[in-house]
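Presented below is the structure to which this report refers.
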Amino acid sequence: MSREAALSYLEPLENRTRNVAVLDALAEMVERAGLKIGDRLPPEVSLAASLGVGRSTIREALNRWEGLGIIRRRRGDGTYLAARVQTSRGLVPTMVRLEGEALLRLLEIRRTLENDVVRKATLHATAKQRAEIARLCDELLDDVQAGRSWRKADHAFHNAIYDASGNPMYGQILVNLDHALERGDISPFNRDAFGLESFPLHRDLADAIVAENADLAVAAINRILDSVEDEVRAIIADGKLV
C-alpha cells in the first residue's frame, strides 16, 4: 500500500492538544494500512494535514516513537517503521502496549550485557568493591521496605557492579540504553511500584558476588530480569498498574 493510501485511515482530531490521541491515531493508521517493518511512513506534513494538527505535534509524536525504537529516521529519505505496531482493543492503552513491547526489546539486550558484566564483576571485584556492593544492596532494600523512592539507590547498586567488572563501558552502555527508551510521565513503567517484585532477588545477586560465585550471580541477575519481564507482560496483557 502506498504512503498516500495510508493517509486515508486518518481523520482530523477534535482536540488539537491531545498528543496521546495523535499517537493512537498513528498506531491505528499503521495497523489498518497494513504497514510492515521497513515500510516508509507518509511525510510529516501529510500526517499533520490529515489529522488537523500542527507539524510540531506530529514531530513530537514521532520523536516519542523514535525513542521507543518504533521508527527509524533517515536524513533526506524519510521515516521508516522499525518495529511492529499493534493497537489495543481492551483496557490497556495503545501507548502502554507500545512502551511495554519496547521495554521487552530493551530487556533482551540488557540480558546479554548483564550476564557478562555480572560474571566479570564477580570474578574481578576487589574486597572493597564487594563490601560496597553489599552495603548498597542494604540501602536499596531499606528504601524499598520503607516505601521510599528507590531509583537513586538502585542506580548506585548496579553502577557499583558495573565498576567492579573492570570495564566502564558496560555501565555507560546500559545507562544509555535505559535513557534512550522514552517513557511517558504517567506510564506504568515509570512508577515506583513497577519492578518491586524483583528487589528481594537483588540480595541473592549481592551475596553471590560477595561469595565470588559467578554462576550464582548470573543466575540471580537472570531471575531479576525474568521478574521484570513477567511484570511487563502482565501490564500489557491486563493493565496491571495502569
Side-chain angles (χ1 to χ4, degrees), residues 68-69 99-181 183 187-238 240-241:
L68 293 174
E99 285 182 356
E101 291 171 349
L103 186 52
L104 290 174
R105 292 193 292 271
L106 172 64
L107 287 169
E108 184 178 1
I109 298 172
R110 287 193 69 98
R111 189 182 295 274
T112 299
L113 293 173
E114 294 274 15
N115 273 249
D116 200 36
V117 72
V118 163
R119 181 174 293 279
K120 282 184 169 62
T122 305
L123 295 175
H124 302 311
T126 64
K128 182 177 180 181
Q129 287 173 324
R130 296 182 202 278
E132 179 68 357
I133 289 169
R135 183 187 70 79
L136 291 171
C137 184
D138 289 340
E139 289 189 358
L140 170 59
L141 296 182
D142 284 346
D143 284 346
V144 172
Q145 184 66 30
R148 296 188 292 267
S149 177
W150 46 262
R151 297 185 187 280
K152 183 177 180 180
D154 186 53
H155 289 156
F157 172 71
H158 286 285
N159 282 336
I161 295 175
Y162 303 152
D163 290 344
S165 74
N167 187 341
M169 289 297 294
Y170 277 116
Q172 293 175 26
I173 291 171
L174 287 163
V175 170
N176 288 338
L177 279 173
D178 189 58
H179 288 169
L181 183 60
R183 292 176 272 261
S187 168
F189 307 110
N190 224 10
R191 301 180 187 177
D192 281 346
F194 176 67
L196 285 181
E197 295 179 3
S198 72
F199 284 113
L201 301 171
H202 285 60
R203 171 60 66 197
D204 296 337
L205 174 58
D207 288 348
I209 294 174
V210 170
E212 303 181 41
N213 191 320
D215 289 339
L216 284 181
V218 170
I221 191 62
N222 278 290
R223 288 198 301 274
I224 290 171
L225 294 171
D226 286 344
S227 176
V228 176
E229 282 191 5
D230 288 345
E231 191 164 356
V232 173
R233 295 185 192 281
I235 293 172
I236 293 174
D238 57 27
K240 177 185 177 185
L241 284 182

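In this chain, residues are counted from 1 in sequence order. Just so you know, these numbers come straight off a predicted model, no measurement behind them.
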- Message: Tell me if the centroids of the rings in Y170 and Y162 come within less than 6.0 Å of each other.
- Response: no

- Task: Output the distance between atom CG (N159) and atom CG (L136), rounded to the nearest 0.5 Å.
- Result: 9.5 Å

- Query: Is a side-chain N or O of R111 found less than 3.5 angstrom from the main chain of I221, in a donor-acceptor match?
  - Reply: no

- Message: Test your reading of the model: is there a side-chain donor-acceptor pair from R223 to the backbone of L205, 3.5 Å cut-off?
- Response: no

- Which pair of non-hydrogen atoms, one from E197 and one from S227, has the smallest distance, and what is that distance? C-OG, 3.7 Å

- Message: If the test is side-chain contact (heavy atoms from CB on, under 4.5 Å), which one of I236, I235, L68, L104 qualifies with E99?
- Response: L68

- Query: Looking at side-chain heavy atoms only, is the closest gap between V210 and I133 below 4.5 Å?
  - Reply: no

- Message: List the residues meeting side chain to side chain donor-acceptor pair (under 3.5 Å) with R148, not counting sequence neighbours, and say none if there are none.
- Response: D143

- Query: Which pairs count as side chain to side chain donor-acceptor pair (under 3.5 Å) when at least one residue sits in residues 208-221, sequence neighbours excluded?
  - Reply: R119-D215

- Would K128 and E132 count as a side-chain contact (heavy atoms from CB on, under 4.5 Å) if you check the C-alpha gap in whole Å, the side-chain angles of each, and the deciding distance to 0.1 Å? CA-CA 6 Å; K128 182 177 180 181; E132 179 68 357; 5.7 Å; no

- Task: Give every residue pair that meets the ring-ring contact (aromatic ring centres under 6.0 Å, His included) criterion with at least one member in residues 199-227, sequence neighbours excluded.
- Result: W150-F199, F157-H202, H158-H202, F199-H202

- Taking only Lys NZ, Arg NE, NH1 and NH2, and the carboxylate oxygens of Asp or Glu, determine whether E139 and R135 approach each other closer than 4.0 Å. yes

